[in-house]
Visitor: 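To start, I am sharing the structure in question, which I have written as structure tokens.
What you see below is based on every heavy atom in this structure, not just the backbone, and it leaves out hydrogens, waters and symmetry mates.
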Amino acid sequence: MTLLVGFPQRAVPIRILSVGKKRSPGVQLIVDEYMHKLRHYCAVEDVLVRPNPKNARDVQAQVEDEDVAVTSLIRPEEWVVMLDERGVDIRSERMADLIGDAANKGASKITFCVGGPYGHGQKLRERADKSVKLSSLVLNHQIALVVLMEQLYRSWTIIKGQKYHH
């Protein structure tokens, strides 16, 4: 899809589901700043999902437990973007297109999923509408969240034809 920059775009609410413990104060400050900026364009929700909800000692069991916790929060009509180191490498303009695609397909919400230290489970991999990577580097989940927040803001400035992106 090619986005029509500067044209009206349905503001689909965005929700970020991120697996992790309490964030560092610096990361939370940046997330809060971008949440404030994003609210000028659309409703946005930040949900922190508890890691390893059953205190599993086995990594695979931990991933599976987190998978159940995350997928239980996703409704059928939501458009799901999984952030994954094996996902498709995209540019900022394509991220803006993803937001536009979800709006045009009638999604009730766009949900971005940031995994924990061991990544995502099979249920989310099967449920995701798109799998993207934010970098060729492997990112800590808190850093990935910060990059995602900035890219979501950048996407909306691209959609609206504003000068933030050049």
Side-chain angles (χ1 to χ4, degrees), residues 3 5-6 8-53 62 65-67 69-75 77-85 87 89-103 107-120 124 127-166:
L3 191 65
V5 175
Q9 186 71 37
R10 186 169 74 88
V12 176
I14 292 175
R15 182 169 57 156
I16 297 111
L17 300 177
S18 57
V19 175
K21 297 178 182 172
K22 184 178 177 184
R23 297 180 186 135
S24 73
V27 167
Q28 191 60 56
L29 184 68
I30 294 168
V31 168
D32 291 344
E33 178 183 339
Y34 279 104
M35 292 283 289
H36 176 74
K37 289 179 176 185
L38 281 166
R39 286 190 176 113
H40 294 287
Y41 302 102
C42 65
V44 62
E45 180 184 11
D46 173 31
V47 178
L48 187 60
V49 178
R50 183 174 173 243
N52 198 7
Q62 177 179 339
D65 291 345
E66 291 169 354
D67 194 34
V70 169
T71 56
S72 71
L73 298 173
I74 299 170
R75 294 198 171 116
E77 67 277 4
E78 293 178 36
W79 205 72
V80 178
V81 179
M82 178 180 70
L83 303 182
D84 187 74
E85 65 189 39
D89 193 9
I90 62 170
R91 298 175 52 90
S92 297
E93 295 85 359
R94 183 63 188 123
M95 180 70 91
D97 285 344
L98 287 175
I99 291 171
D101 286 350
S108 67
K109 187 179 291 184
I110 306 170
T111 299
F112 289 87
C113 299
V114 180
Y118 302 108
H120 299 289
L124 183 61
R127 171 60 182 88
D129 295 290
K130 292 283 183 186
S131 176
V132 300
K133 67 178 173 180
L134 297 174
S135 171
S136 293
L137 302 170
V138 176
L139 302 175
N140 166 288
H141 63 280
Q142 289 192 34
I143 299 300
L145 176 62
V146 168
V147 172
L148 172 64
M149 298 301 290
E150 191 279 337
Q151 286 299 303
L152 291 174
Y153 175 70
R154 182 175 299 273
S155 294
W156 272 107
T157 64
I158 291 169
I159 290 167
K160 296 295 186 182
Q162 297 170 339
K163 295 185 182 199
Y164 180 77
H165 180 75
H166 45 95

Visitor: Which one of R23, K22, E33 satisfies the side-chain hydrogen bond (donor to acceptor under 3.5 Å, both in side chains) criterion with Q28?
Guide: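 Filter result, single survivor: R23.
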Visitor: Would you give the length of the straight line joining atom CD of E78 to atom CZ of R15, rounded to the nearest 0.5 angstrom?
Guide: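 Between E78 CD and R15 CZ, I get 4.0 Å after rounding to 0.5 Å.
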Visitor: If you look at every heavy atom in M82 and A128, which pair is closest and at what distance?
Guide: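 Result for this residue pair: CB-CB, 3.8 Å.
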Visitor: Rounded at 0.5 Å granularity, tell me how far OG in S92 sits from CG in L134.
Guide: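 Here the interatomic distance stands at 10.0 Å.
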Visitor: Rounded to the nearest 0.5 Å, how far does CG of L152 lie from OG1 of T157?
Guide: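 Spacing of OG1 (T157) from CG (L152) equals 11.0 Å.
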Visitor: Quick check: does any side chain N or O of R50 sit under 3.5 Å from a backbone N or O of P53, one acting as donor and the other as acceptor?
Guide: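 Yes, the answer is positive, given that a donor and an acceptor are paired below the 3.5 Å cut-off.
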Visitor: Could you tell me whether the side chain of L83 reaches within less than 4.5 Å of the side chain of V147, counting heavy atoms only?
Guide: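 No, side chains not in contact.
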Visitor: Just so I know, are the side chains of E45 and T111 near enough to count as touching, which here means a heavy-atom distance under 4.5 Å?
Guide: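 Answer no - side chains too far apart.
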Visitor: Determine the minimum heavy-atom distance between W156 and C42, stating which atoms define it.
Guide: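 Heavy atoms only, the tightest pair is NE1-SG, 3.7 Å.
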Visitor: Taking salt bridge (Lys or Arg N to Asp or Glu O under 4.0 Å) as the definition, give me every residue that meets it alongside D129, ordered by chain and number, with sequence neighbours left out.
Guide: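 Applying salt bridge (Lys or Arg N to Asp or Glu O under 4.0 Å) to D129 gives R127.
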Visitor: Are side-chain heavy atoms of E66 and N52 found at a separation under 4.5 Å?
Guide: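 With C-beta onward as the side chain, the pair touches.
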Visitor: Output the distance between atom OG (S155) and atom CD1 (I14), rounded to the nearest 0.5 Å.
Guide: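 Interatomic distance, S155 OG to I14 CD1, rounded to 0.5 Å: 8.0 Å.
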Visitor: State whether R94 and D101 are salt-bridged, where the test is any N-O pair (Lys NZ or Arg NE/NH1/NH2 against Asp/Glu carboxylate O) under 4.0 Å.
Guide: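 Yes.
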Visitor: Quick check: do C113 and D84 have side-chain heavy atoms less than 4.5 Å from each other?
Guide: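 A side-chain contact is absent here, since even the closest heavy-atom pair is not under 4.5 Å.
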Visitor: Over all heavy atoms of both residues, which pair between S72 and A69 is shortest? Give the atoms and the distance, please.
Guide: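 Smallest heavy-atom distance, with atoms named: OG-O, 2.9 Å.
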Visitor: Nearest 0.5 Å please: distance from the CD1 atom of I30 over to the OG atom of S24.
Guide: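 Reported value, rounded in 0.5 Å steps: 8.0 Å.
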Visitor: Identify the residue among Q151, M149, R39 that makes a side-chain contact (heavy atoms from CB on, under 4.5 Å) with Y34.
Guide: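 When Q151, M149, R39 are each tested with Y34, the side-chain contact (heavy atoms from CB on, under 4.5 Å) holds only for M149.
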Visitor: If you apply the rule side chain to side chain contact (heavy atoms under 4.5 Å, CB included), what do you find for V12 with I99, and how did you get there?
Guide: CA-CA 8 Å; V12 176; I99 291 171; 5.9 Å; no
Visitor: Between M95 and L148, does a side chain to side chain contact (heavy atoms under 4.5 Å, CB included) hold up when you go through it step by step?
Guide: CA-CA 10 Å; M95 180 70 91; L148 172 64; 4.2 Å; yes
Visitor: Is the shortest side-chain heavy-atom distance between W79 and K130 below 4.5 Å?
Guide: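 When only atoms from C-beta onward are counted, K130 and W79 do touch, with a gap below 4.5 Å.
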Visitor: Quick check against the 3.5 Å criterion: does D67 have a side-chain atom that pairs as donor or acceptor with the backbone of L124?
Guide: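 A pair under 3.5 Å: yes.
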Visitor: For the atom pair CD (E77) and NZ (K109), what is the distance rounded to the nearest 0.5 Å?
Guide: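 The CD atom of E77 sits 8.5 Å away from the NZ atom of K109.
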Visitor: Using a 4.5 Å cut-off on heavy atoms from C-beta on, say whether the side chain of V146 contacts that of L139.
Guide: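 The answer is no; the side chains never approach within 4.5 Å.
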